[in-house]
Number of protein chains: 2
Amino acid sequence: MHSDRFQEIRSLPLFADISDESFAALTRGAYVQNFPPHIEMITEGDPADFLHIVASGRIELFSSWDRSESSIAFLKPYDTFILAATIKDRPYLMSARTVEKSRIIMIPSEDIRTVFERDSDFAKAIVVELAICYRGAIKQMKNIKLRSSAERLANYVAKHHKRAGSTGSFELPVEKRKLASFLSMTPENLSRAFAALRDHGVEVSGSLILIKDPEKLDAYAKPNSLIDG
Amino acid sequence: MHSDRFQEIRSLPLFADISDESFAALTRGAYVQNFPPHIEMITEGDPADFLHIVASGRIELFSSWDRSESSIAFLKPYDTFILAATIKDRPYLMSARTVEKSRIIMIPSEDIRTVFERDSDFAKAIVVELAICYRGAIKQMKNIKLRSSAERLANYVAKHHKRAGSTGSFELPVEKRKLASFLSMTPENLSRAFAALRDHGVEVSGSLILIKDPEKLDAYAKPNSLIDG
DNA sequence: CGGTTCTTTGAGGACCATCAATACGCGTGG
DNA sequence: CCACGCGTATTGATGGTCCTCAAAGAACCG
């Protein structure tokens with residue numbers, strides 16, 4: 001069957017509850033594209049012709065202004081982007097590039113809007129997805145506005161350590177230069193912030209982060225479900 | 001008729017296209033509440049029992065952490081808050097307080113979710129509203145991450161000047177201390193930033209902002225529809 | 001291997017926060 | 001009307017955080 005190519009996304013929250021008919025309508029015009037690493041696939045300001053879904057690989061969302069740029073988010077399978085622009089039929093607010101080789105599923109915005117009108121289960125799923133995105137953006141804003149750069153890094157380390165199973169170590173999923181930008185600091189400062197975390201139970205060796213003393217780290221980071229949750 | 005009290009919000013984007021039946025269901029359990037100035041009406045972390053709509057007055061959304069706080073947004077009639085928490089049935093991420101005496105319409109979250117399930121026009125309106133909120137949050141993040149504090153102020157002034165009709169002057173809608181927090185700077189620094197804007201065609205007298213040379217201001221602010229739009 | 005890019009470290013400076021003191025605005029009550 | 005008190009706004013002095021610039025070391029890749 002034609003839509004077999006897209007079975008991998010059928011069970012995503014965005015599509016799990018919609019009818020087979022709606023899913024078929026969404027995937028009929030969709031296609032899969034492979035991108036090599038470090039390719040800019042979306043440029044901010046362009047019209048939002050497709051909803052994108054990360055099937056494999058890793059994507060960086062970033063934004064530029066006056067010859068400086070800043071990382072806004074990193075996406076992994078099966079995150080979607082950029083739903084809001086698709087729905088509103090407005091230009092992208094962020095650019096997107098591959099961090100590594102990635103496979104992307106692209107669904108025409110037209111089809112999204114059509115099915116959205118017809119299938120209320122899909123509309124509901126979109127609402128939930130958007131609400132999650134919005135709340136994520138607010139959390140990130142609080143993170144930047146309320147915490148120092150060292151605290152942001154400490155919380156980043158604590159969060160990813162837990163996410164990786166609290167095994168005492170984890171690999172940074174992106175290079176440090178991008179992480180620095182994501183955390184609103186320079187690469188130089190990130191180095192110094194990592195050095196400062198040694199006093200709080202964290203050691204660094206390349207992209208491998210060792211958490212020697214999780215409690216000590218948490219005591220410093222003071223993670224908060226309303227920012228990091 | 002019972003729902004007459006709420007005619008003022010019937011034509012809001014969120015409700016304009018929904019059926020009379022749905023609107024009645026939403027307003028049946030709703031009520032209007034008056035708040036004096038400087039009252040904290042919502043505390044972050046609390047369950048989101050109501051969708052709030054500003055009927056009159058002015059509301060500040062802010063967030064606290066480790067005995068510091070930061071303004072996230074200012075709301076005017078007829079802005080809504082906080083839709084995402086209501087939909088997701090999660091706790092508020094931000095606190096809200098009145099800036100001035102305000103009248104607030106409150107609709108039980110339960111009713112929002114019920115009508116949301118039944119009326120796809122309402123679901124669609126919510127999607128649009130959420131998409132706008134999300135894009136607004138992203139723009140604000142870009143503003144903070146990509147511009148200096150003086151540039152943020154310059155763009156704030158330029159934007160509000162245009163919004164007020166480009167008449168050469170406008171009144172600040174909030175006190176400077178709150179504006180400073182909103183723009184991620186201290187009150188002292190805001191003073192100095194205003195002083196710096198004198199070189200770019202802006203003069204200040206109390207809460208009255210005079211734009212002597214709009215082109216000069218724009219040349220410095222470099223407003224961008226993907227950040228300020 | 002050689003070139004490229006990223007990371008780290010150091011020195012200096014810009015920006016911004018903090019602290020402190022003064023000035024201003026405004027409402028209250030004398 | 002003026003004195004007073006309170007909160008806010010401004011201004012100056014100082015210090016800390018963070019950025020910039022520069023250079024060396026490390027990792028990556030052809």
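Just so it is clear, the model here is predicted, and its values are computed rather than measured. Each chain gets a letter, A, B and so on, in the order the sequences are listed, and its residues count up from 1.
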Note to self: Test your reading of the model: is there a side-chain donor-acceptor pair from B/R10 to the backbone of B/F15, 3.5 Å cut-off?
What the structure shows: yes
Item checked: B/I42 to B/Y92 - nearest heavy-atom pair and separation -> CG2-CD1, 3.4 Å
Check: A/N189 side chain: which of C/dC16, D/dC18, D/dT8 is closest?
Finding: D/dC18
Check: Which listed nucleotide (D/dA9, D/dC18, C/dT18) is nearest to the side chain of B/K176?
Finding: D/dA9
Note to self: salt bridge (Lys or Arg N to Asp or Glu O under 4.0 Å) for B/E203 and B/R198? Distances and angles first, verdict last.
What the structure shows: CA-CA 6 Å; B/E203 305 211 344; B/R198 250 204 309 259; 5.9 Å; no
Check: Hey, what do you get for CZ (B/F194) to CD1 (B/I209), rounding to the nearest 0.5 Å?
Finding: 4.0 Å
Item checked: Candidates C/dT9, D/dC18, C/dT18 - which lies nearest the side chain of A/R192 -> C/dT9
Notebook entry, point to check: Rounding to a whole Å, what distance do you find between B/E175:CD and C/dG25:C1'?
Noted result: 13 Å
Checklist line | Verdict with reasoning, B/T80 to B/E129, per side-chain hydrogen bond (donor to acceptor under 3.5 Å, both in side chains) | finding: CA-CA 9 Å; B/T80 64; B/E129 181 90 1; 2.8 Å; yes
Next item on the list: Return the orientation label for the B/H160 and B/F170 ring planes: parallel under 30°, perpendicular over 60°, tilted otherwise.
Entry: parallel
Item checked: Summary of protein contacts for nucleotides 22-30 of chain D, nucleotide by nucleotide, where a base hit scores B, a sugar-phosphate-only hit scores S (4.0 Å, heavy atoms) -> ---------
Margin query: Distance check needed: D/dC18 P versus A/R147 CZ, whole Å only.
Written below: 14 Å
Notebook entry, point to check: With respect to the phosphate group of D/dC18, does any side-chain polar atom (N or O) of A/T186 fall under 4.0 Å of OP1 or OP2?
Noted result: no
Next item on the list: Give me the one residue out of B/R147, B/R152, B/K139 that meets salt bridge (Lys or Arg N to Asp or Glu O under 4.0 Å) with B/D228.
Entry: B/R147
Notebook entry, point to check: With a 4.0 Å cut-off on heavy atoms, is A/S205 in touch with a base, just the backbone sugar-phosphate, or nothing at all?
Noted result: nothing
Notebook entry, point to check: Is there a donor-acceptor contact under 3.5 Å from the side chain of B/T98 to the main chain of B/I39?
Noted result: yes
Notebook entry, point to check: Over how many whole Å does the gap from B/H38 atom NE2 to D/dG7 atom P extend?
Noted result: 11 Å
Margin query: Quick check on D/dC18: is either OP1 or OP2 less than 4.0 Å from any side-chain nitrogen or oxygen of A/S149?
Written below: yes
Checklist line | B/S191, nearest nucleotide to its side chain (from D/dC19, D/dT11, D/dT8) | finding: D/dT11
Checklist line | Global bending angle along the helix from C/dC1-D/dG30 to C/dG30-D/dC1, which compares the axes of five pairs at either end, to 10 degrees | finding: 30°
Notebook entry, point to check: Which pair of heavy atoms, one from B/K145 and one from A/S181, lies closest together, and at what distance?
Noted result: NZ-O, 3.1 Å
Next item on the list: Grab the CG-C1' distance between A/L172 and C/dT8 for me, whole Å please.
Entry: 15 Å
Notebook entry, point to check: Which whole-number value in Å describes the distance from A/I209 CD1 to C/dT7 P?
Noted result: 11 Å
Item checked: Separation of atom CG in A/L208 from atom C1' in C/dC6, rounded to whole Å -> 17 Å
Next item on the list: Please report, rounded to the nearest Å, how far the P atom of C/dT7 is from the CG atom of A/L179.
Entry: 9 Å
Margin query: Can a side-chain donor-acceptor contact be found between B/Y220 and B/E151 if the only test is distance below 3.5 angstrom?
Written below: no
Checklist line | Length of the CE-C1' vector between A/M185 and D/dT20, whole Å | finding: 15 Å
